[in-house]
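Report on one structure; see the data block that follows.
Start at 1 with the first residue, then count along the sequence. If you're wondering where the values come from, they're calculated on a predicted model, not measured in any experiment.
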Amino acid sequence: MFWRKKEEVRPQVKPKKIKEKYFDKPQQTLKRDLQNVRGMSTPIINFGFTSGTGSQNLNNLIRWFLSDWRNVSREAVLKNPLGRKYMNLSVDGVIGAEGVYVKPAPSLDYMSQDELHELSQKLEKRFDRWAYDADRFSLDGSMTFDLFQQTIEKIRVQDGECFIRMHKINGTLKLEIVDAVRLTQNNNQFLDNGNFISNGIEFDKNHKAVNYYFCTYNPITYTYDQTSYEIVPASEIYHYFIADQMGQERGIPDMISTSKTMEDLKNFTEAALVAKRISASTTAYITNNNNDTDQVDLIAGEDNSTATYTEYLEAGAVFELGKNQDIKTVNPQAGVDRIGEFTSELMDQIAMGLNVTKQSLMGSTADASFSAAKLAERLQATTFRTRTNVLISKVLKPIYIEFIKNELLNNNTLNLSFSDFDDLSCARFIPVKPISLDPTKDIQAEIMLLDAGLKSKTQIISELGGDPRITLEEIEKEQNKEIESNGFESKEQQPNAGDDATSSGN
């Protein structure tokens, strides 16, 4: 019928969605972290003879992951306090404040002890004048021998390896530190001469390094061209790294085994700090129990969205709530429960992965006993001594041998022959001896070894960094002066014989 009114068809209104602006990013970050923990973030390493899903050779892992490992380690050294502390700790323990000192010790059979001592002093003066003159020692004139040692140890810690190139310019040796990024590990191929390139290094059939393929560097854009190489002979390169396996071609950064744990500790600390800041502030939410209350659309022009209304209350402010509204406060405490135990557990794992003691890594003396500090000192001394020996054998000793060779070629004042080169290149590398917690007991132990005939005075003086010949001569002179002075005093104190006879006759 015409009088019947048509029912109005109302368009269906889609429920408005509230934007979760403040919760998207934390949820995505937490979800990603959980997926990394539960999922397979690294390939399976199989070192057997059967095929696995991952690599069977460490050099293949270096080829695929060295760039990522190096970037993670460099970021940890710059931004992570534990990474920064570990790098400085390694430099202080391996190199020390003054560095390893090189003292020539030639051993020629046809020379007397006095002639050998005079020759060693000449070589020592020549080496010091070259090594501790920045313009003569380094290619860019920025480093001396001690600063050079500290720099290459820092680079080894963060990159896992360091490349030093020896230049011969106008009869003078100059050293240059080459960035490890320039030696790209993606350059792998066979060569026509029977050699092969693996991880940017050319090897012969005996796996001996022949050439290094460094990418050219653009100093304006700070980039490297991976299609253009500078081929440097292996005789000019000193490759400083600590190998973990036989046949390892490149070095691995020290902090790779602890990078995930260090990141977990950093994230937990940041979350705990945020929770503490929230709990220390007044945080409240206004709730509305009436569903019919109109919603205020604060974002004009946006469909299917309703903005949340927030207002920051000043301290001491008083407001009147609307109908059916209530205030709920938030006081988070669960996020920081037992933070000390969690942090201590992670620090134990990080210290084990870096092969240092927890006390040394943190640099804290809280709750430290003398016996525990003494044990930590012994453990650290052994660890750093091992790394110092690698530095001496791979870098310092070859540099000194090259220096002696250059002196024999360009300086005729020494009147020496190349036939005595092996005996002339002998030297003692003296590392800085750390300050002991109980030097009295250390001295007593050395005296006991000397009395038992297990050590000589020359060996003890050499380990302390002194010259045994000079030290023993000075001790002998001091003893002779003391004897002469005591004898002169005894003569003065002796009564005159004539006076005694006169006094007795009287």
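Classified by interplanar angle (parallel below 30°, tilted 30° to 60°, perpendicular above 60°), the ring pair F241/H239 is tilted. Classified by interplanar angle (parallel below 30°, tilted 30° to 60°, perpendicular above 60°), the ring pair F342/F268 is tilted.
Taking 4.0 Å as the cut-off between side-chain N and carboxylate O, R165 and E230 count as a salt-bridged pair. Comment: D92 does not engage R387 in a salt bridge, judged by the lack of any side-chain N to carboxylate O separation of less than 4.0 angstrom. Between E153 and R156 there is a salt bridge, since at least one side-chain N of the basic residue sits less than 4.0 Å from a carboxylate O of the acidic one. For D133 and R129, the salt-bridge test fails: no basic side-chain N is under 4.0 Å from an acidic carboxylate O.
The 12-atom threshold is not exceeded at CD of E476, counting heavy atoms of other residues, nucleotides or ligands nearer than 6.0 Å.
Aromatic rings from F145 and Y101 are positioned such that their centres are separated by 6.0 Å or more. The aromatic ring centres of F403 and F127 sit less than 6.0 Å apart. Checked against a 6.0 Å centroid threshold, the rings of F137 and F148 count as neighbours.
No side-chain donor-acceptor contact under 3.5 Å links S120 to the backbone of P104.
Tested against Y224 for a ring-ring contact (aromatic ring centres under 6.0 Å, His included), the candidates Y213, F214, Y217 yield a single pass: Y217.
A donor atom on one side chain and an acceptor atom on the other are not found under 3.5 Å apart for Y132 and D146. Between the side chains of T471 and K457, no donor N or O sits under 3.5 Å from an acceptor N or O.
Between the CE atom of M255 and the CH2 atom of W69 there is a distance of 14.5 Å, given to the nearest 0.5 Å.
The side-chain tip of K205 does not point at the ring of F196 from less than 6.0 angstrom away and within 45° of straight on.
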